[in-house]
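As the structure lists them, so they are numbered: ligands from 1, and atoms in each ligand from 1.
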Amino acid sequence: MAVIKGEANSGLILCRTPQDRVEAGVPVIVRGEGCRVFDQAGKSYLDFTSGVTRPVHLGFGNRELAQAAAAQAAEMAYFTPMGFTNPRALELAAALAQVTPAGIDNFFFVCDGSEAVESAMKLAKQSHADRGQPQRFKIISRRGAYHGVTSLALRALGTVLPMRHIMEPMAPGAVFVESPYCYRCPLHLAHPDCELACARDLRRIIEFEGPDTISVFIGEPVQQGFGALSPPEGYWQVIREILDDYSIYLIIDEVICGFGRTGRMFGSEHFKAKPDLITMAKGITSGYVPLGAVGASDQVLEPIEMFEHLHTYANHPVACAAGLKNLEILEREGLVERAAGIGAYFLEALKPLTRHAIVGEVRGVGCWLGLDFTTDKKTRADFPLANLMSLVERARQKGLVIKLMGQAIELAPPLIIEKDEIDQGVAVLDQCIAEEAGAMGLA
Ligand SMILES: Cc1ncc(COP(=O)(O)O)c(C=O)c1O
């Protein structure tokens, strides 16, 4: 059990951290500034991951954002979301309606991305039920997808991570289609000759499951599952058309993509993926205060007389104050456009790394990039997890934070990252890849 023992035998349980890593010493991060964080021993890390789980869009140490949250806590920290409300939640709903995809005008605030996904699924289910179709309970997700760890969100978890299997049996109704992972196509086809078979296959799955048993399809516009994966042109239009034929709601999960990560305010803007519901978290407050949100269309809400749902911390004034200030700074500083520009620079800086025998593909959009690894570029053979972990560890020891995802290394820096920081970090990454390839006999 990965527990750090403290004074008087107190213990802190860590998330997804192996015991040997605890024994080797887990860095205690005490301070952050811009794209750097510092541990208790004074070691500095350049963070290419915005806090590893990727929320810190504005970078570390943003006093203006911190002060907005503190001021709200001092003025009015909390009052129930049931039968009462507060100005900051109303203002954030109004502000989001201006920037979210067309038709998404109604918002509900929770604490994180899993709760946002959970709430979106509940809204969709209640909407169908209140329209007289309570039997619509199934959720279609994609193999390789990650949408959170609470009960309904976990149903949509398409990864092989143990967090799904340990919790089985789960609520029934999880259905999966393949992801548009063109580098290693799960259908063994090649784009564009495939004619988007992975998207078209959705119709077959729906027909098999029974169209009037299905509530929602959930997917990220750009997918984390295999490492910053953009779908091929036309993918989302095909999905949307099929869902419309069966009156199935589309939840676009913007938990990572939202708030500028991909160089647009929302990832769905790239693909004309007109959603019925969207989910948000992470970059909504740049991680300064926990906040997640669901956005829903009028059509979803229309049959619902009263949403049968409650979180103590829903529509929380301090979190919403942070969300408002975060959006104000993103817009005032032009950080979404900046993410597009600096992201393009980052992608170009990464491309030369494909000269290494083990780097199969470099891809990405905005400030979300991935390097897909392989032991054989011709066959695109799988890359051992142990070697990816070793690569991440090499980087950490050299003061660079990167993240592994599937068979890829994923990079998602704060949107304020500078060119010289990109150059510095890419040089370290280059060195780590050379060392790992050497250790594998593939240099
Ligand atoms: C796309 C997506 N949805 C949902 C979640 C769950 O968010 P949280 O970890 O805030 O509960 C995540 C987390 O990484 C995510 O990437």
Side-chain angles (χ1 to χ4, degrees), residues 14-17 49-57 108-124 139-161 163-164 167 174 176 179-181 216-231 236 250-262 266-268 270-271 273 275 277-295 311 313-314 316 319 322-323 326 364-370 403-406 408 410-412:
L14 300 183
C15 295
R16 304 208 78 240
T17 308
T49 63
S50 300
V52 182
T53 51
R54 337 160 188 79
V56 192
H57 289 200
F108 177 63
F109 299 105
V110 286
C111 294
D112 61 24
S114 300
E115 287 183 2
V117 169
E118 195 88 1
S119 303
M121 289 177 175
K122 287 186 173 166
L123 264 174
I139 289 159
I140 306 182
S141 179
R142 298 180 294 180
R143 295 213 174 91
Y146 186 95
H147 296 291
V149 293
T150 51
S151 138
L152 289 181
L154 202 58
R155 274 207 283 172
L157 191 87
T159 77
V160 291
L161 294 178
M163 51 182 70
R164 176 187 178 84
M167 292 305 150
F176 292 91
S179 291
Y181 182 25
V216 298
F217 178 98
I218 184 166
E220 291 176 275
V222 176
Q223 192 175 344
Q224 67 170 304
F226 303 93
L229 196 67
S230 288
W236 278 111
L250 173 59
I251 303 177
I252 291 284
D253 187 345
E254 295 271 5
V255 164
I256 297 177
C257 294
F259 303 94
R261 169 59 61 209
T262 68
F266 288 92
S268 32
H270 292 283
F271 307 115
L277 297 119
I278 66 169
T279 49
M280 298 159 271
K282 300 192 192 272
I284 193 171
T285 57
S286 288
Y288 281 62
V289 178
L291 180 65
V294 184
H311 286 277
Y313 295 138
H316 196 283
N326 184 71
V365 54
C367 276
W368 201 13
L369 305 134
K403 179 178 174 57
L404 78 81
M405 182 54 64
E410 194 199 306
L411 310 170

Does D253 come within less than 4.0 angstrom of ligand 1, counting non-hydrogen atoms of the residue?
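D253 counts as a contact of ligand 1 under the 4.0 Å cut-off.
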For ligand 1, is there an atom lying under 4.0 Å from some heavy atom of K282?
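Contact check K282 vs ligand 1: positive.
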Within the structure, does E220 bring an N/O atom to less than 3.5 angstrom of an N/O atom in ligand 1?
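No, since none of the N or O atoms of E220 sits under 3.5 Å from an N or O of ligand 1.
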I'd like to check whether G113 has a polar contact with ligand 1, where a contact means an N/O of the residue lying under 3.5 Å from an N/O of the ligand.
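Indeed, backbone or side chain, G113 has an N or O that close.
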Evaluate S230 against H270 for side-chain hydrogen bond (donor to acceptor under 3.5 Å, both in side chains), listing each step before the verdict.
CA-CA 9 Å; S230 288; H270 292 283; over 6 Å; no
Measure up the F217 and W236 rings against each other and bin them: parallel (under 30°), tilted (30 to 60°), perpendicular (over 60°).
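The rings of F217 and W236 stand perpendicular, inter-plane angle above 60°.
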Any idea which atoms of ligand 1 are less than 4.0 Å away from a heavy-atom of I256?
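Result: 16 (O).
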Heavy-atom donor-acceptor pair, [X] side chain to [Y] backbone, under 3.5 Å:
| X | Y | result |
| --- | --- | --- |
| S141 | L157 | no |
| S179 | R143 | yes |
| R142 | E220 | yes |

May I ask you to identify the nearest protein heavy atom to atom 16 (O) of ligand 1, giving residue, atom name and distance to one decimal place in Å?
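Answer, as residue, atom name and distance: Q224 NE2, 2.6 Å.
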Please work out whether any backbone atom (N, CA, C, O) or any side-chain heavy atom from C-beta onward of S114 is under 4.0 Å from ligand 1, and answer side chain, backbone, both or neither.
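Near ligand 1, S114 shows its backbone as well as its side chain.
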The test is side chain to side chain contact (heavy atoms under 4.5 Å, CB included); show your working for K282 and R261 and say whether it passes.
CA-CA 10 Å; K282 300 192 192 272; R261 169 59 61 209; over 6 Å; no
